[in-house]
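One structure below.
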2 protein chains.
Amino acid sequence: MQEPLDVLIAKLASIGRLLPEYETAIRQLPIRVSQLDRGDDAVMEGQIMGHCCVVIEGLLQRHKHMQDGSRQILSFHPAGDIPDLQSLHLRKVDYTLSATTPTTIATIRHSDMQAMLRKHPGLTDLFWRDTLVDAAKFLTWMMLIGQASAEARMAHLFCEMFMRLKSVGTIDSFEFPFKVTQSDLADALGMSIVHANRTLQELRSAGLLIFASGQAEILDWPRLSELGQFDPAYLHLADE
Amino acid sequence: MQEPLDVLIAKLASIGRLLPEYETAIRQLPIRVSQLDRGDDAVMEGQIMGHCCVVIEGLLQRHKHMQDGSRQILSFHPAGDIPDLQSLHLRKVDYTLSATTPTTIATIRHSDMQAMLRKHPGLTDLFWRDTLVDAAKFLTWMMLIGQASAEARMAHLFCEMFMRLKSVGTIDSFEFPFKVTQSDLADALGMSIVHANRTLQELRSAGLLIFASGQAEILDWPRLSELGQFDPAYLHLADE
DNA sequence: GAACCTGATTAACCTATGTGAATCGGTCTT
DNA sequence: AAGACCGATTCACATAGGTTAATCAGGTTC
């Protein structure tokens with residue numbers, strides 16, 4: 001039977017050992033499911049949070065703005081992610097979470113979460129681990145944005161999304177939906193929209209990747225991951 | 001009386017509420033103090049860790065390398081930081097920690113740390129919070145490296161170091177030691193050595209900042225923090 | 001089905017930053 | 001004190017990627 005938090009269970013299982021009793025505890029969490037349209041904010045920079053959210057279906061993006069209005073997308077969050085789990089201990093958030101596509105989320109009150117974690121120290125460790133994996137991705141992205149070419153960054157992003165979606169069982173083929181615009185890609189990779197377009201065309205004409213109207217198809221995984229210097233170790237997946 | 005872990009106590013107090021019983025527990029942790037020369041590695045990418053380290057004195061840097069050998073410095077860690085606390089739950093580290101200057105560190109076994117945290121859930125939360133603050137810095141740096149000009153990034157780095165050193169009581173004036181080379185700065189900010197040099201000169205001739213032979217002096221804090229778009233909120237300091 | 005959007009694409013041009021290489025100035029070594 | 005380094009600095013030149021703006025294509029609205 002499909003329950004909303006199934007995706008969270010799958011996500012946690014992908015990064016660590018999830019005991020049956022933990023699974024039970026998670027399923028007993030009171031949640032409130034809600035629906036976001038593209039562009040809606042789930043969390044806004046500066047807000048003081050009393051709850052956090054699980055992506056049930058769709059895609060959220062975490063981003064931050066400079067004074068001049070330019071936007072850096074920090075991460076994409078497909079189903080299973082808890083993109084604002086940090087708010088449990090950093091109540092005032094310093095980023096904005098918006099829906100990249102129409103998205104369903106489940107919100108969990110911090111107090112309920114905390115009660116559960118106090119009861120299960122091992123589960124605390126697993127959630128802690130989740131925030132650490134989240135942080136580990138930033139290390140890699142900082143390196144890429146600071147040092148890698150536009151082509152390498154673009155390649156890496158698609159490799160990462162593929163691997164993450166596969167690890168939680170959302171997809172099982174090299175062709176998968178990734179409903180972002182070229183402008184989103186540009187803002188995520190720290191490049192201009194025009195250059196994002198140029199870069200995608202280079203990858204396409206090199207026969208590595210096709211991306212059009214929200215659909216990605218990886219044509220040559222070995223060469224794409226080579227170009228993107230993609231080594232999945234930083235995702236700290238459990239099954240390896 | 002000066003004890004090695006005093007700096008850790010000060011650091012934790014700077015980001016949250018540290019109860020007296022926690023302080024006692026921390027002071028009872030068995031530690032092994034050791035000395036690093038400039039360039040020595042405390043932790044190497046790929047290592048499986050059974051312990052983590054506290055910087056007692058000096059400066060460590062966390063960095064990662066690309067295949068072509070280029071290096072991205074991800075963060076600097078002055079006294080009080082536990083730069084590899086993540087290893088508690090991500091045993092295999094995906095970065096290297098090296099001494100930027102001669103540095104004293106104290107190592108703590110994971111098992112001792114874990115025993116302490118199991119006994120004090122509130123302290124677990126505080127250490128968890130520390131790793132989250134660490135991660136929050138990366139969000140900001142990703143935005144800066146992706147979107148900000150070389151000048152803004154350089155300005156921001158000095159603002160951050162000043163604020164962090166001040167918050168743990170290591171310094172109390174706008175003139176402070178920051179023993180890095182221009183090459184370190186370049187690798188931290190994702191720019192070439194030559195451009196780091198140019199940028200420092202611009203900041204100097206604008207009367208904002210002097211940096212020479214490991215000594216920084218902020219001449220005009222209002223304008224420097226304005227230029228660097230520095231808002232200390234992302235450091236999540238307790239006293240605000 | 002005309003007007004409108006939003007996102008993709010192209011072109012022409014511009015600039016911030018990178019590269020390579022030479023010079024300079026301390027400081028450590030022998 | 002003569003090398004030998006390492007880091008800082010300068011210069012000349014190269015280029016990845018940014019900017020602006022125009023056009024195109026598909027979908028939506030009334």
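Keep in mind that this is a model prediction, so the values were computed, not measured.
Taking the six-membered ring wherever Trp is involved, the centroid distance between the rings of F178(A) and F76(A) falls below 6.0 Å.
Distance alone, capped at 3.5 Å, is enough to place a donor-acceptor pair between the K64(B) side chain and the D94(B) backbone. Between the side chain of S192(B) and the backbone N or O of H195(B), at least one donor-acceptor pair lies under 3.5 Å. Proximity of a side-chain donor or acceptor of H63(B) to a complementary backbone N or O of I73(B) within less than 3.5 Å is not detected. In this structure, Q147(A) contributes its side chain and M66(B) its backbone to no donor-acceptor pair below 3.5 Å. T103(A) places a side-chain N or O within 3.5 Å of a backbone atom of L59(A) that can act as its donor or acceptor partner. Judged by distance alone, with hydrogens and angles left aside, the side-chain atoms of T107(A) form a donor-acceptor pair with the main-chain N or O of R32(A) at under 3.5 Å. Under a 3.5 Å cut-off, the side chain of R153(B) and the backbone N or O of A148(B) do form a donor-acceptor pair. Panel note: side chain Q229(A), backbone A152(A); no donor-acceptor pair is recorded below 3.5 Å.
Contact check of residues 140-148 of chain B against DNA chain D (heavy atom, cut-off under 4.0 Å) returns no residues at all. Scanning residues 149-159 of chain B for heavy-atom distances under 4.0 Å to DNA chain C yields S149(B), A150(B), R153(B). The stretch residues 188-212 of chain B comes close to DNA chain D through V194(B), N197(B), Q201(B), each having a heavy atom under 4.0 Å from the strand. Residues from residues 62-78 of chain A that place a heavy atom under 4.0 Å from any atom of DNA chain C: there are none.
Reading DNA chain C from its 5' end, the first and the last nucleotide to sit under 4.0 Å from a heavy atom of chain B are dT17(C) to dG20(C).
Fit an axis to the five pairs at each end of the helix from dG1(C)-dC30(D) to dT30(C)-dA1(D) and the two axes sit 40° apart, to the nearest 10 degrees.
When each of T96(A), L74(A), V43(A) is checked for a side-chain contact (heavy atoms from CB on, under 4.5 Å) with R62(A), only L74(A) meets the rule.
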Anything under 3.5 Å between a donor and an acceptor, one on a side chain of residues 209-225 of chain A, the other on a protein residue two or more places apart or in another chain? List them.
unit_1  : atom_1 : unit_2  : atom_2 : d
D220(A) : OD1    : R223(A) : N      : 3.1
D220(A) : OD2    : R223(A) : NE     : 3.0
R223(A) : NH2    : A206(A) : O      : 3.0
S225(A) : OG     : W221(A) : O      : 2.8
S225(A) : OG     : P222(A) : O      : 3.2

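Taking both residues in full, the closest heavy atoms of M154(B) and L203(B) are given as CG-CD1, 3.5 Å, listed atom of the first, atom of the second, then distance.
Under the salt bridge (charged side-chain N to carboxylate O under 4.0 Å, His left out) criterion, E151(B) pairs with no residue at all, not counting sequence neighbours. Residues meeting the side-chain contact (heavy atoms from CB on, under 4.5 Å) test with K92(B), sequence neighbours left out: I48(B).
The side-chain hydrogen bond (donor to acceptor under 3.5 Å, both in side chains) pairs that include a residue from residues 42-51 of chain B number zero, where partners must be two or more places apart or lie in different chains. Among pairs with a residue in residues 66-87 of chain A, those fulfilling salt bridge (charged side-chain N to carboxylate O under 4.0 Å, His left out) read K11(A)-D81(A), R71(A)-D184(A), R71(A)-D187(A), D81(A)-R164(A), at least two apart in sequence or across chains. Residue pairs meeting the salt bridge (charged side-chain N to carboxylate O under 4.0 Å, His left out) criterion with at least one partner in residues 166-179 of chain A, sequence neighbours excluded, do not occur; the list is empty.
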